[in-house]
Amino acid sequence: MDASSQITELKGIGEKTAALFHRVGVYSLWDLMTYYPRDYESFKEPVSVSQCCDGSIQALRLSILGTLELRHVRGLSILTGFAGDETGRIQVTWFNMPYLKKTLRAGSLYVFRGPVKKKGQTYVMEQPKLYKDEEYRKLISKMQPVYSVTKGLTSSGITKMVTKALKEVPEYEDYLSGMDLPLMEMNRAMRTMHFPTNYDEVCEARRRLVFDEFFFFIFGIRRFKEENSREINHFPMMEVSQTCRIIEKLPYKLTGAQMRAWQEIMKDLSGAHAMNRLVQGDVGSGKTIIAVLALVTAGCNGYQGVMMAPTEVLAIQHMESLSRMFAEYEISLNCVLLTGSMTAKEKREARGLIASGEASIIIGTHALIQDNVEYKNLALVITDEQHRFGVKQREILAHKTSRTPHVLVMSATPIPRTLAIIIYGDLDISVINELPGERLPVKNCVVDTGYRPKAYEFIGKEVRQGRQVYIICPMVEESEGIEAENVVDYTKRLRGIFPAEICVEYLHGKMRPKEKNEIMTRFAQGDIHVLVSTTVVEVGVNVPNATVMMVENSERFGLAQLHQLRGRVGRGRHQSYCIFMSGNGGRDTMQRLSILNCSNDGFKIAEEDLKLRGPGDFFGLRQSGDMNFKIGDIYTDAEILKSAAALADQIIKEDKALLLPEHQAMRARFSAYMRNQFGEISL
Ligand code: ADP
Ligand code: MG
C-alpha cells in the first residue's frame, strides 16, 4: 500500500463509504492524507450542571435519570429525557436516533458533549455526543480535527480513516533533509496537520506543507518554461482580414486595453518565438473576445487552435457564442466541441474531425487532453480561467504536437505583479486593466438575513422587468453541524414564495454534467428566471441579462471569490445589483464585506483582504478557486512563496532533471506530486 493506492484498500472502506469520500474529492490515500481539517476542536474538562452556560458547546459528566421518552412527529423521531449530576439536571434530546433508548438506561454514566441552551429555567442539550469516561479522558488536551463533510460522512469517521492511512502508508524520506531550511520535517508536518497539540504547531506544520506545495508547483512551471522558452515560432501567422472584420462588426468597440492585449498577441504569433503569454484581466473585462481573435487567426492561417475551459458549462457557452459570431460575420471556419459528457459516438466524431484537420477551432474541457485525441496541426493552445488547471494539463496539451505551439493563458485572478513574476517566471503578461465603458457599476449592499423578504420582493420586481437572478448558497445539501443554506432546500422554499410564473431552478457541482448543461442553457436562454446555485457559476459564465447576484452566507466565502461571483452580473446594459447576505452580522464579517461594498476593483479587494486577514489567519477563508493550491495562499503566504521560488530556481540551475544522488528523494516526491496533484479534474 502506498499513497497512490485507492482508499478502498483501507480496511473499513467499502464501495459505499468510498463513494461518500469521492464526493468530497478523496480517491487515493494521498487525497485522504492531504484532506486537511477545516478547523480544530478542543475538548475541555467536563463541567458540572451548575457551571453550565447558555449558548456554548459543553461537556458534562452525567447519568441518565429515569427512562427516556420516544415520540414521533412528522416522520421525525424524538428521544428526550433528563440527565444530571449532584449539582442539578438538564434535559437531553436526540433526533432520529431511536436506538439510543435501548442503550441509555437510568443510571448510565457518560460524558455528554453538545450545544447547551437555556429554555425557561432548565438547560437543554440537543443531539449530544456520548463518550465513555476513559474515552473522553484521552481526547482532553488534544486538538481534534474537524473536517468538511457530506451527508453520510462524519468528521469522526474521516478522523478514523485518516489515522489508519497515516499508519499504513510508509513514511517518505524528507527531500529537504540536509538542506538548511527552518521547516518542520515533512512526515511530521502531515501528521501534525491532522492531530496537533496546539495552535502554534498547526501553523508550523502548515508552513512546511505550504512550502512543499509552492515548491513543486514553481519547480514544475520553471522546468516546463525552460523547455519552452526561446522555442522558435514553428507556426508563424499573418494578421487576417477576418479578425479586422470581427472587430469592425462587433456591437461594441474594443477597449484600449483589449486592443493592446490583442496587438501584443498578434505580435507574438507573427514573431520569431513561440508565444507564452498570460492575459490577466478582471472579471467582465472582456477576455473571451481576445481569445476568439487569436483562434480565428490560427484557423485562417491554416492551423488548429484549441481553447480549454475549466467546466463543461463554460465550454458549451464558448462554443455557442463562437458559432453565432461566425454565422453572423461570415467566417467559414469549422468549430467542434469535445467534452466529457458527450456520448461515445459524438466524441468519436469530434475526434475524427480533429485528427483529419477538418475542425480548425476546437473548444472543450479536459477531455481535450486525453490520449486518444490527436491533432492534425495544433498551433495554439488557450486555457481559459487557468487557475483551475494544473501546469500538467497545459503541458500535456502543448505536447500533443511534436513542435511547441503558442500558449495563451487567460486569468481573472488578481495576482499582484511581483507575485505573478514568481509564479509565472518569464511568461509574458498582458493586462486588461480597463472595463468596457458603457457598463454601469454594480450596486452593492451588505445586509443581514432580516432583509431577506425585501430582497425577494426586489428580485420579483427585476424578474417582472425581464431580468434574471443568481442566488448563491454555500452548500449542496445539509451537512453535519453546519447551518448554512443549501441549494436544494432553498430552491424548494423559494418556489413556495414566488408565484408559479417565476421559474426557479438549481445548479450544483454534484449534478451530472448533462443536467448542469441543460440548466445553464435554459438560464442563458432566459427560460429560468432565478438560478439557485453553488459557486459552480463562479467561473466565467456569461449571461448579460442577469442583473441580481444575491449571496447567502456570504461570510463563508473569501473576498476574492465573492468578487468573482459579483462578476457574473453587470455584464450588460442594465443596472445590476449585488446583495451580500450575511448569516452572522459580527463586526469582522461586516468590515470584511464592506470592502466589497466600497470597491469593484479585484486588485484592490485582494490587497485589502490581505491586510485584514494577516498571515496565519487561514481557517474558514479558503479562496477555493485560487491557483490549484490546496492549503497555500499566494497572498498571505507570499513570504513562503518567495523562499520556495528561491529554492526552485537554485535547483533548476544545479540539477533541473533531478539526477544527482542527493536529489533522489526530491525527484520521487516531485513525480508523485505531479501525479497526485494534476490528475483528472472535474467540476
Ligand atoms: P471575462 O473577461 O470575465 O471573461 P467576457 O469576455 O465574458 O469577460 O465579457 C463579458 C461581457 O462583456 C460579454 O458579454 C462581452 O460580450 C462583453 N464585452 C467584451 N468586451 C466589450 C467591450 N469592449 N465593450 C462592451 N462589452 C464588451
Ligand atoms: Mg471569462
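Predicted model, so just to flag it, every value in this text is computed and none were measured. Remember, it's 1-based here, ligands and their atoms both numbered in the order they're listed.
- For the ligand labelled ligand 1, residue G281 lies outside the 4.0 Å heavy-atom shell.
- Not counting sequence neighbours, K253 has no partner by the side chain to side chain contact (heavy atoms under 4.5 Å, CB included) test.
- If you look at M410 next to ligand 1, there are no close heavy atoms at all, none under 4.0 Å.
- The pair K461-E457 does not meet the salt-bridge criterion, since no charged nitrogen lies less than 4.0 angstrom from a carboxylate oxygen.
- Near T288, meaning under 4.0 Å from one of its heavy atoms, ligand 1 places the atoms 4 (O), 5 (P), 6 (O), 7 (O).
- Applying the salt bridge (Lys or Arg N to Asp or Glu O under 4.0 Å) test to every pair with at least one member in residues 261-276, sequence neighbours left out, gives these pairs: E264-R277, D268-R277.
- The ligand atoms of ligand 1 that sit less than 4.0 angstrom from a heavy atom of T255 are 23 (N).
- Annotation: side chain of L380 is not in contact with side chain of T297 (no heavy-atom distance under 4.5 Å).
- Counting atoms of ligand 1 from 1 in the listed order, those under 4.0 Å from a heavy atom of K253 are 22 (C), 23 (N), 24 (N).
- Side-chain atoms of Q280 never come within 3.5 Å of backbone atoms of I429 as a donor-acceptor pair (strictly under, hydrogens ignored).
- The distance criterion of under 3.5 Å between nitrogen or oxygen atoms is not met by P436 with respect to ligand 1.
- The side-chain heavy atoms of V306 and I363, taken from C-beta on, include no pair separated by under 4.5 Å.
- Residue-to-ligand polar distances place G284 within reach of ligand 1: an N/O pair is separated by less than 3.5 Å.
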